[in-house]
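The structure appears right after this line, and notes come after that.
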Amino acid sequence: MSQSARARTMLIVSVTVFGTIGLFVRNISVSSGELALYRAVMAALLIALYFLISGQRMDFRAIRAELPLLLLSGMAMGINWILLFEAYRYTTVSVATLSYYFAPVIVTVACPLLFHEKLSPRQIICFVMSTIGLVLIIGITDLGGSSDALGILFGLGAATFYATVILLNKFIKSVAGIQRTFLQFLSAIVILIPYVACTGGLTLGSLDGRGWVCLLIVGLFHTGVTYCLYFSSLRELPGQEVALLSYIDPFVAVLVSVFILGEELTVTQLCGGLLILGFTLLNELPQKKSASKT
């Protein structure tokens, strides 16, 4: 198998696994903050073990230079996880995931403000159509007090903090790949420990056998192993292909929600989700093509 084919397989496996996380989160009876903390701790330990086995060393000089950005991005990642897990609790996995995938739209709007980039007519159209898709998803709920509406708001909050991670990573130049992810996990732990301590503490004793198995899968497999696969594959694949294959994640999440968890997905929600995913993907692909020509 060629290097690019191996990287492509690793990416497909990782984004497919990402799409199944809601199935396991539903079986873990701890708070969202506590779950995010365990996820960060287990993943950080697993990646530290990977560093020991592979002999990879940390570039402490580069880390010192960009430590504030690494800390901020890691904290944003931790908050992102909390809000996403809360979204799963209040609405269906499919609706939470589709709301969460509004993050690229937020990045598109923020880039002109932060990096003085101009929005092209295509980008403006993609933003408008993706926003219409979000309205279609929200429009089927009673915004006055339904749990679905609250779940969508949590999903959008998670999208906002995930977009923050993406934008902060654009400023981090010297620390890349798995090392950056490892440091972000450590930063997430720093913010999550006091948060959990102030919101109920540790409640691992409440987990049954299934909960323990799901927790280990989410922490070690969905986060530790899968993040290593994901970031290792990025070095060998063009950005356009990564953007295209990454949409396997929400597709799998919708399938899991409807066919395994038995959750309802209306035609209106489906159309809204297709608008968000389709136009955010369309927004990314031309940018990658233009970048490759320069």
Hey, quick one: are I125 and V105 part of the same hydrophobic cluster, counting side-chain heavy atoms closer than 4.5 Å, chains of contacts allowed?
yes
Quick check on Y162: does its OH atom have over 12 non-hydrogen neighbours (other residues, nucleotides or ligands) under 6.0 Å away?
no
With L98, the side-chain contact (heavy atoms from CB on, under 4.5 Å) member among L136, I152, T91, I137
I137
Shortest non-hydrogen separation from I28 to G211 and the atoms involved
CG1-O, 4.0 Å
Below 30° counts as parallel, above 60° as perpendicular, anything between as tilted: where do the rings of F51 and F182 land?
perpendicular
Spacing of F102 atom CZ and T108 atom OG1 [to the nearest 0.5 Å]:
9.5 Å
Within this structure, what is the CG-OG1 distance for the pair L156 and T160, rounded to the nearest 0.5 Å?
6.5 Å
Results of salt bridge (charged side-chain N to carboxylate O under 4.0 Å, His left out) for E263 - residues two or more places apart only
R26
Donor + acceptor pair across side chains of S94, Q269 (<3.5 Å):
no
Where G151 and A87 come nearest, the two heavy atoms and their spacing:
O-CB, 3.4 Å
Output for pair (D249 CG, I12 CD1), nearest 0.5 Å, gives 13.5 Å
Carefully, step by step, assess V95 and D148 under the rule side-chain contact (heavy atoms from CB on, under 4.5 Å).
CA-CA 8 Å; V95 169; D148 275 338; 5.8 Å; no
Gap separating the OH atom of Y38 from the CG atom of L220, nearest 0.5 angstrom:
14.0 Å
Measure the shortest side-chain to side-chain distance between L168 and Q184 over non-hydrogen atoms and say whether it is less than 4.5 angstrom.
no
Identify the heavy atoms of I82 and A36 that sit nearest to each other, and give their distance.
CG1-CB, 4.0 Å
Distance alone, cut at 3.5 Å: any donor-acceptor contact between the side chains of T280 and Y247?
yes
Test log, rule side-chain contact (heavy atoms from CB on, under 4.5 Å), inputs S187 and I191:
CA-CA 7 Å; S187 301; I191 190 66; over 6 Å; no
Each residue besides Y90 in its hydrophobic cluster should be listed here, by chain and number; the cluster joins Ile, Leu, Val, Met, Phe, Trp and Tyr at side-chain heavy-atom distances under 4.5 Å.
I79, L83, L150, F154, F161
Under a 4.5 Å side-chain heavy-atom rule over Ile, Leu, Val, Met, Phe, Trp and Tyr, are L216 and F24 clustered together?
yes
Please identify which of these residues, Y88, Y100, F185, meets the ring pair (Phe, Tyr, Trp, His ring centres under 6.0 Å) condition with W81.
F185
If hydrophobic residues (ILVMFWY) are linked whenever their side-chain heavy atoms come closer than 4.5 Å, directly or via other members, who joins I53 in its cluster?
L49
Is there side-chain contact between T92 and L265, with heavy atoms separated by less than 4.5 Å?
no
When you measure from the side chain of T131 to the backbone of F127, do you find a donor-acceptor pair of N or O atoms at a distance under 3.5 Å?
yes
With clusters defined by side-chain heavy atoms of hydrophobic residues (ILVMFWY) lying less than 4.5 Å apart, directly or transitively, does V135 cluster with L153?
no
Does the side chain of Y230 come within less than 4.5 Å of S246's, by heavy atoms?
yes
Please report the C-alpha distance between S32 and E86 in whole Å, then the side-chain angles of each, then the deciding distance to 0.1 Å, and finally whether the side-chain hydrogen bond (donor to acceptor under 3.5 Å, both in side chains) criterion is met.
CA-CA 6 Å; S32 297; E86 283 295 295; 2.5 Å; yes
Hey, could you give me the OG/CG distance between S73 and L167, rounded to the nearest 0.5 Å?
11.5 Å
Indicate yes or no: at least one non-hydrogen side-chain atom of M42 is less than 4.5 angstrom from one of T223.
no
Compare every heavy atom of L37 with every heavy atom of L202, then report the nearest pair and how far apart it is.
CD2-CD2, 4.4 Å
Measure the shortest side-chain to side-chain distance between L46 and F221 over non-hydrogen atoms and say whether it is less than 4.5 angstrom.
no
Look at the side-chain heavy atoms of Ile, Leu, Val, Met, Phe, Trp and Tyr, link any pair under 4.5 Å apart, and say whether V196 and W212 land in one connected group.
yes
For T16 versus V252, what's the shortest heavy-atom pair and its separation?
O-CG1, 3.7 Å
List the steps, then state whether side-chain contact (heavy atoms from CB on, under 4.5 Å) holds for V254 with T97.
CA-CA 8 Å; V254 171; T97 303; 5.9 Å; no
How about Y227 and I178: do any of their side-chain heavy atoms sit closer than 4.5 Å?
no
If two hydrophobic side chains count as joined below 4.5 Å and joins carry through other members, does F259 share a cluster with L270?
yes
Does L204 reach the side chain of L207, with side-chain heavy atoms less than 4.5 Å apart?
yes
To the nearest 0.5 Å, atom CG of L23 lies from atom NE2 of H222 at 8.0 Å
Heavy-atom nearest pair, G33 first then L192, reads O-CD2, 4.2 Å
Is there a side-chain contact between L282 and M129 in this structure, where contact means two heavy atoms from C-beta onward sitting under 4.5 Å apart?
no
